[in-house]
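Note sheet for the following structure.
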Amino acid sequence: MFQQLVGKLPVGICIVDENYNIVFLNDFFVDRMESDHRSDYTDKPISELFPEQAKFLRRRIKSVFVLQHPSFSYWEQRPHIFPFKSSRPITGEETQMYQNMEIVPITSPEHGKLACIFLQDVTAQASYFIAQQELSLALKREHEEQLKLIKKLDSAQSQLIQAEKMASTGQLAAGIAHEINNPIGFVTANLNTLKDYAGSLISICENVADKAAQTDEKCQIFINDLLESNHFELLKEDMTPLLDESREGLERVRDIVENLKRFAIEESSGWQLLDLSETMSQMIELVSVQYKIPTYKLSCQPECVKIFCEPGGLKQALMNMLINAAQSIDKKGIVKVNVIGNEQSVQIKIIDSGSGIQEHIIKKVFDPFFTTKPEGLGQGLGLSVAYTAIEKHQGTISVSSKPGVGSVFEVNLPVIDPEEE
Amino acid sequence: MSSTISLNEDQRDALQELMNISMGQAANSLAHLIETKIGISIPKISAVTPSELFSLINRSENAYYTRQSFLGDIQGEVMAVVSESGLTEVASLLEYEAPLSKSDVEETILELSNILAGACLAGLSNQLELATNLNMPTLFSPNKASFVELNWQHSLVMEVQFDIELSSFSMRVVFCLDRTSLIKLTDTIDELLG
């Protein structure tokens, strides 16, 4: 009865002796073997019947004989020890059986020490497990893609906010510039008149001083005392340069306002031809007012580089990069802008000798909301806005930097034919 | 029944000696199989809480973890912490050919754990005349969260470290017994001590 039971067990049983020769196989094994081996397997070496994994089997069986202790093999590491077909040859997707194996030491009076191999068909579990794993991988991928999309949406939204903010800032600036122009106008006019008046006053005083000698002694002393106590000599010398300097100052204010107006007005003016050399020089002037420490240099090759672009966005991008470059310098340093144009493309390099960017954050500098500035001082949008704007112009933007030495931001823009746009 | 586990000094000494012998046999078996010298530490026996158990096995980085349950007169689990360093040499002793695939590495680890855990358990069971059977080992990665959720308060652990000469390889084997098995174990030891 036991013989029958063992024969019919839904688990493979293979018993080998210490010479690795087969002593017994149950139906599970025999049914799955090639027909010519089915009748005479007894006393044959296991390596002859199952040469595929002979080395592994020998090693494991040896370990069981030596240690007198079970040995296991799991389908995940070694799925197919015996070359058996899947138990579902028609409907299953697998062609080979997935197997778990356990070898246990046993003894018999007839054969002495034996090793018994139990083989379990785990194809169903394995394929279920594999399917689950694939599913979880697919889910993970999908999840990652969704995260990316969400990030993109986030950045798009923040850019919209930024653009909106910039647009209103631009309008505000244009309005203020206009308002400032009026008082500057009359202050300048008044200053001119004031200079004339001052001239007249000085010549009156000089005349009086000259004529003092011809008056009586009392009057002469009075006039001289009066001139001296009011430091007439100093007044006379200082007044004209003071007034001239004030006028120069006013001219500078007017220039700045003019620049600001020009810069701000073309917000949503659509695509048009932009003179990059002029724009960069305006921009440098604007930035240098606020960031006085660095020395600014501009080189343009050829002298005039024009590009068909959306001026608002491109200027914003370049401005953000220029401000960053200027901010990176806290003691002494250079901010250099190189513009090189040819027929196919325009390259703009913004080079600074500032603090540089640490290697571990350099990949993040274009991410929205990434900033190294203290809280409240930067929103981390500048470079991300620049990135999007350059992308919109089908251009590329890249950065290389060395902490303590400086950074180079390089923008490459293809020359776009106005017709195509 | 109190929730803490206590062994008296005699019981602890006896168990330590039994472990010592079993571990020695285990080391011998492995040494015999892979034909190299193996060093073992003095077994440590202690009662632990789940979080203590976690820090006990999770001491080393770059390690693999296996677990293997055993049934019979005493029941519990054996956990093994296998160092990543020196594994290649050990695999070659076990006749694996370099370069090792991921499956080769996993198989080596599982086999090593199985040999050592099996030998330790067999040694202990034989000396105490208890019947035990070891189940298939599996890889796992311990994380603190899952240890906190374990539904026991205290367990007895026996820990021993194996080192293989000529290689930086080392491996720790931690035996954990459930409460019923512990009572059975102490009873058996008491019988032995007479």
Side-chain angles (χ1 to χ4, degrees), chain A residues 11-13 18 20 46-47 51-82 96-107 113 115-123 125-126 128-130 132-133 136-137, chain B residues 22 25-36 38 64 66-72 78 80 90-97 100-126 131-140 173:
Chain A
V11 173
I13 297 177
E18 277 188 288
Y20 308 98
I46 191 165
S47 53
E52 291 82 3
Q53 295 276 341
K55 195 178 162 200
F56 171 74
L57 277 172
R58 260 185 100 89
R59 197 164 70 213
R60 286 302 173 90
I61 294 168
K62 180 185 167 194
S63 126
V64 170
F65 278 126
V66 171
L67 304 175
Q68 284 299 300
H69 170 256
S71 177
F72 301 90
S73 164
Y74 194 52
W75 69 267
E76 252 190 296
Q77 282 84 43
R78 203 174 283 270
H80 317 294
I81 301 170
F82 294 94
Q96 276 188 294
M97 182 203 289
Y98 285 83
Q99 299 152 354
N100 279 356
M101 184 183 74
E102 180 174 350
I103 311 177
V104 295
I106 53 174
T107 51
K113 273 187 186 175
C116 173
I117 300 172
F118 290 114
L119 194 72
Q120 242 184 312
D121 178 358
V122 288
T123 313
Q125 287 105 298
Y128 179 72
F129 187 81
I130 291 168
Q132 286 287 320
Q133 265 186 334
S136 114
L137 259 177
Chain B
S22 322
Q25 285 170 349
N28 260 342
S29 308
L30 185 62
H32 187 63
L33 192 72
I34 64 178
E35 291 162 359
T36 185
I38 292 177
Y64 296 98
T66 68
R67 58 180 163 193
Q68 197 168 3
S69 67
F70 54 88
L71 299 170
V78 199
V90 179
S92 77
L93 291 172
L94 284 170
E95 294 174 34
Y96 281 90
E97 278 159 24
L100 297 180
S101 68
K102 188 170 170 265
S103 297
D104 287 345
V105 171
E106 289 175 357
E107 215 172 61
T108 308
I109 294 159
L110 289 171
E111 181 65 359
L112 278 171
S113 318
N114 182 50
I115 292 171
L116 286 176
C120 295
L121 185 69
L124 197 64
S125 312
N126 282 344
T132 51
N133 270 310
L134 205 54
N135 292 321
M136 188 175 266
T138 50
L139 290 162
F140 84 120
V173 177

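Quick caveat, the model's predicted, so the values are computed rather than measured. In what follows, chains carry the letters A, B, and so on, assigned in the order in which the sequence lines appear, proteins first and then strands, with residues in each chain numbered from 1.
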Segment of Glu76(A) engaging chain B (4.5 angstrom heavy-atom cut-off) =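 Backbone only.
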Atom [atom1] of [X] and atom [atom2] of [Y]: how far apart are they, to the nearest 0.5 Å?
X: Asn114(B); Y: Ser73(A); atom1: CG; atom2: OG; result: 11.0 Å
X: Met136(B); Y: Gln120(A); atom1: CE; atom2: CD; result: 7.0 Å
X: Gln77(A); Y: Ile109(B); atom1: CD; atom2: CD1; result: 9.0 Å

Just checking heavy atoms, which of residues 51-58 of chain A are less than 4.5 Å from chain B?
->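 The stretch touches chain B at Lys55(A), Phe56(A).
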Please report the shortest heavy-atom distance between Asp104(B) and Arg78(A), naming the atom on each side.
->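 So the two residues come closest at OD1-NH2, 4.3 Å.
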Taking all heavy atoms of His32(B) and all of Val66(A), pick out the closest pair and write down the distance.
->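 Looking at all heavy atoms of both residues, the closest pair is CD2-CG1, 3.0 Å.
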Determine the option with the most heavy-atom pairs under 4.5 angstrom with chain A, choosing from Glu106(B), Gln25(B), Glu111(B).
->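 When all of Glu106(B), Gln25(B), Glu111(B) are compared, Glu111(B) has the most.
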Do you know which of Glu107(B), Glu95(B), Lys102(B) has the most heavy-atom pairs with chain A at a distance under 4.5 angstrom?
->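 The candidate making the most pairs under 4.5 Å is Glu107(B).
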Below 4.5 Å, heavy atoms only, C-beta onward: do Gln68(B) and Phe72(A) meet side chain to side chain?
->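 The answer is yes, as the side chains (C-beta and beyond) meet within the 4.5 Å cut-off.
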Heavy-atom neighbours of Phe140(B) CZ exceed 12 at 6.0 Å |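 Atom CZ in Phe140(B) is crowded, with more than 12 foreign heavy atoms closer than 6.0 Å.
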Return yes when atom CD of Gln133(A) has more than 12 non-hydrogen atoms of other residues, nucleotides or ligands closer than 6.0 Å, and no otherwise.
->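 Yes, because the 6.0 Å sphere around CD of Gln133(A) holds more than 12 heavy atoms from other groups.
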For [X], is it the side chain, the backbone, both, or neither that has a heavy atom closer than 4.5 Å to a heavy atom of chain A?
X: Leu134(B); answer: both
X: Ala119(B); answer: backbone
X: Asn135(B); answer: backbone
X: Leu139(B); answer: side chain

